[in-house]
Number of protein chains: 2
Amino acid sequence: MSASRDEIHILEDDPLVAGTVARALEEYGFATRWFRTAGELLAAAARHPPPLVVVDLGLPDRDGMDVVRELHQTADCGVLILTGRDIVSDRVLGLELGADDYVVKPFEPRELVARIRSILRRRAHPATGGAAHRVAVFEDWRYDPGSFTLIAGDGAEEILGAAEARLLLCFLEKPNRVLSREQLAGTADLAPFDRSIDVRVSRLRKRLNDDSQSPHLIKTVYGAGYVLSVGVRWETG
Amino acid sequence: MSASRDEIHILEDDPLVAGTVARALEEYGFATRWFRTAGELLAAAARHPPPLVVVDLGLPDRDGMDVVRELHQTADCGVLILTGRDIVSDRVLGLELGADDYVVKPFEPRELVARIRSILRRRAHPATGGAAHRVAVFEDWRYDPGSFTLIAGDGAEEILGAAEARLLLCFLEKPNRVLSREQLAGTADLAPFDRSIDVRVSRLRKRLNDDSQSPHLIKTVYGAGYVLSVGVRWETG
DNA sequence: CATCGCCGATACGATTCGTTACATTGCGCC
DNA sequence: GGCGCAATGTAACGAATCGTATCGGCGATG
C-alpha cells in the first residue's frame with residue numbers, strides 16, 4: 001500500500017503489451033501497476049498520484065490524449081506516452097498537452113528505462129533540473145566540480161581557481177588514461193612550446209601533496225602527456 | 001543584448017545542419033546562437049548559461065558526451081542531444097549523463113520544437129509556479145526574499161537594499177555552485193572591467209560577517225566568479 | 001532645502017595566474 | 001658509462017584578477 005507511492009502506473013488495454021512493459025520496468029527495479037481503462041487510472045491517480053504514468057494512446061474507453069491532458073491538470077505526475085501511433089502531429093500534440101516524453105513502439109527496454117529515469121530525476125530535483133550533484137572520490141580526496149571544492153581526507157576544504165578546476169576535472173573524467181596537453185588545455189591549437197600546462201600540473205600536484213619526483217597520482221608520460229593513476233568513484237547525492 | 005538570455009545554443013560542427021536547426025527554431029520564435037566547437041560553447045555557457053543547448057555528438061575537438069556531462073555539472077541548463085548516432089547504448093548513456101532528450105536525425109522540425117518547448121516548460125515551471133512565502137535558512141541566518149529581511153542568529157533583523165537582496169537571492173537559489181559575474185548581475189553583457197559585482201559581494205560579505213581573507217560563506221573562485229558554500233533549506237509558510 | 005542611506009565608479013594594494021628562464025630528467029647513440 | 005638533445009619541473013617575475021576604502025550621484029525623507 002504505502003509502496004504504491006513509488007509504483008509506476010501503466011495504462012494499456014492490450015494485456016500482452018502491458019506485460020512486456022511491466023516486465024521491462026520491473027527488471028530495472030521499478031514497481032508497476034497495470035490499469036486497463038482510463039477511468040480506473042484517473043480515479044487511482046486522483047486519490048494517490050504515482051510518480052509516473054506510461055500511457056498508450058489507443059484505448060477502448062477514451063482517447064489517450066484526453067487522459068494526458070487530464071493527468072497534467074489534476075494529478076502532479078510524470079507522463080510518458082508509449083504508443084504505436086508514429087505520426088508527427090500526434091507527437092507534437094502529446095508533448096504540448098504536457099507529456100514528458102513520447103516513445104514509439106516497438107520500444108527498446110533499456111531506452112525506455114533511461115527515459116523514465118530521466119523524467120523521475122528531473123521531478124525529484126526540480127531546482128537543479130535533475131542535475132545529479134556528483135562528487136568525485138579518489139584516494140582520500142573528494143572533489144565537487146560544481147563548486148570547484150577540493151576536500152582533503154581530514155576535512156579541509158579548498159576552492160580551486162578556474163584553471164586548476166578545469167584541469168582536475170579533465171583528469172577525473174578520464175582516469176588511468178594518457179591525456180595530451182591539448183586535451184588538458186581544452187583547445188586544439190597549443191603553441192609548440194607552451195609550458196602553461198606543465199606549470200598547472202605542477203601546482204595541482206603540490207595541492208594534492210603529490211611528489212613530482214615519484215608522483216603516485218598524476219604521472220608524467222614522457223613525450224605524450226600526463227595520467228591520473230588512481231581509481232575514481234563518482235558519488236551522487 | 002538582453003535577448004541573449006533566451007538564446008538557444010546549438011553545438012554542431014556541420015554548418016549545413018546548424019543552419020537547418022537554427023532556421024527551424026527561429027521559425028517558431030526562438031533566438032539561436034551557433035557554436036562550432038565544444039570549447040567555445042562551454043566557455044560561453046559557463047559565463048552565462050542559456051536555457052537550452054542542442055548538442056551534436058559527432059564533434060571534431062571533443063567527445064559530445066563529455067560536453068553533456070560537463071554542461072550538466074557546471075552550467076545549469078537544459079540539454080537536448082540531436083545526432084545521427086542511432087545506437088541504443090548511446091541514447092541510454094546520453095540520458096543517464098543528464099540530457100533531457102535524445103533526438104535522432106533526420107529530425108522533424110515541429111517535433112524538435114515540441115520537445116524543446118516541453119523541456120523549457122518543465123524547467124520554467126517550478127521557479128515561477130510557487131508564489132508561496134518562502135524563507136531561506138542557512139547557517140544561523142534566515143532570509144525572507146519577499147521583504148528583503150535578513151535575520152541573524154540572535155534575532156537582529158536587517159532590511160537589505162535592492163541590489164544586495166538580488167545578489168543574496170541569486171546565491172541562495174544556487175548554493176554550492178560557481179556563479180559567474182554575469183549570472184550574479186543578471187545580465188549577459190557586463191563591461192569587461194566592471195567591478196560592481198565585486199563591490200556588492202564585498203558588502204554582502206560584511207553584512208554576513210564573512211571574513212574575505214578566509215570566507216566560509218561566499219568564496220571567491222579566481223577567474224570564474226563566486227560560490228555560496230553552505231547548505232540552504234527553504235521553509236515555507 | 002538639508003540630510004541620510006544606498007549604490008556604482010574609481011583607485012590602490014593584495015592575491016593569483018601565465019610566462020619565462022633555468023635546472024633537472026629521460027632517452028638515444030656511440 | 002658518457003655525451004647531446006629534447007622534454008619536463010618549478011622558482012621568479014610581470015600581468016591579470018580581486019578586495020575594499022573612498023567619493024559622488026541619486027532618490028527618499030524630514
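Numbered from 1 within each chain, the chains take letters A, B, ... in sequence-line order.
Atom pair Arg166(A):CZ and dC17(C):P shows a separation of 11 Å (rounding to whole Å applied). Atom CG of Asp194(A) and atom P of dA6(D) are 19 Å apart (whole Å). Atom NZ of Lys206(A) is separated from atom C1' of dA12(D) by 12 Å (rounded to the nearest Å). As rounded to whole Å, 15 Å separates atom C1' of dG8(C) from atom CZ of Arg181(B). Distance CD (Gln213(A)) to P (dT8(D)): 15 Å, rounded to an integer number of Å. One interatomic measurement links the two molecules: CZ of Phe193(A) to C1' of dG18(C), which rounds to 18 Å at whole-angstrom precision. Taking atom NZ of Lys219(B) as the reference point, atom P of dG19(D) lies 14 Å away to the nearest angstrom. One can place CD1 of Ile197(B) at 12 Å from P of dC7(C), the figure rounded to the nearest angstrom.
One distance of note links CZ of Arg123(A) with OG of Ser118(A); it measures 12.0 Å at 0.5 Å rounding. Rounding to the nearest 0.5 Å gives a distance of 6.5 Å between CG of Leu217(A) and CZ of Phe138(A).
Rounded to 10°, the helix from dC1(C)-dG30(D) to dC30(C)-dG1(D) has 20° between the axis fitted to its first five pairs and the one fitted to its last five.
Close to dT20(D), at under 4.0 Å from its OP1 or OP2, lies a side-chain N or O of Ser212(B). Put simply, Arg203(B) has no side-chain N or O that comes within less than 4.0 Å of OP1 or OP2 on dG8(C). For dG18(C), neither phosphate oxygen OP1 nor OP2 lies less than 4.0 angstrom from any side-chain nitrogen or oxygen of Ser196(A). Phosphate proximity of dG19(D) to Arg205(B): present, with a side-chain N or O under 4.0 Å from OP1 or OP2. Proximity of Tyr226(A) to the phosphate of dA7(D): no side-chain N or O atom is located under 4.0 Å from OP1 or OP2.
Evaluated for a side-chain contact (heavy atoms from CB on, under 4.5 Å) with Tyr102(B), the options Val55(B), Val68(B), Thr83(B) yield exactly one hit, Thr83(B). The side-chain hydrogen bond (donor to acceptor under 3.5 Å, both in side chains) test with Arg205(B) is passed by exactly one of Thr220(B), Asp211(B), Asp210(B): Thr220(B).
Between Phe171(B) and Tyr226(B), the ring planes are perpendicular. Angles over 60° get that label, and only those under 30° would be called parallel.
Place Thr220(B) and Val201(A) on DNA chain D by their nearest nucleotides, and Val201(A) ends up nearer the 5' end. For Arg200(B) and Tyr222(B), each mapped to the nucleotide of DNA chain C holding its nearest heavy atom, the one lying further toward the 5' end belongs to Arg200(B).
Judged by distance alone with a 3.5 Å cut-off, a donor-acceptor contact links the side chain of Arg195(B) to the base of dG19(D).
Considering all non-hydrogen atoms of both residues, Pro175(A) and Val230(A) come closest at CB-O, 3.7 Å. Across all non-hydrogen atoms, the minimal contact from Trp141(B) to Arg207(B) is CH2-O, 3.7 Å. Between Val79(A) and Ile119(A) the shortest heavy-atom distance is O-CD1, 4.5 Å.
Remark: Gly161(A), Ala163(A) in residues 154-165 of chain A come within less than 4.0 Å of DNA chain C through at least one heavy atom.
For Asp198(B), counting side-chain heavy atoms from C-beta on, the closest listed nucleotide (dG18(C), dG19(D), dA9(C)) is dG19(D). Taking the side chain of Val199(A) as heavy atoms from C-beta on, and the options dT10(D), dT20(D), dC18(D), the nearest nucleotide is dT10(D).
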Test log, rule side-chain hydrogen bond (donor to acceptor under 3.5 Å, both in side chains), inputs His133(B) and Asp144(B): CA-CA 8 Å; His133(B) 192 244; Asp144(B) 176 5; 3.2 Å; yes
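With sequence neighbours left out, the side-chain contact (heavy atoms from CB on, under 4.5 Å) criterion links Arg36(B) to Pro15(B), Trp34(B).
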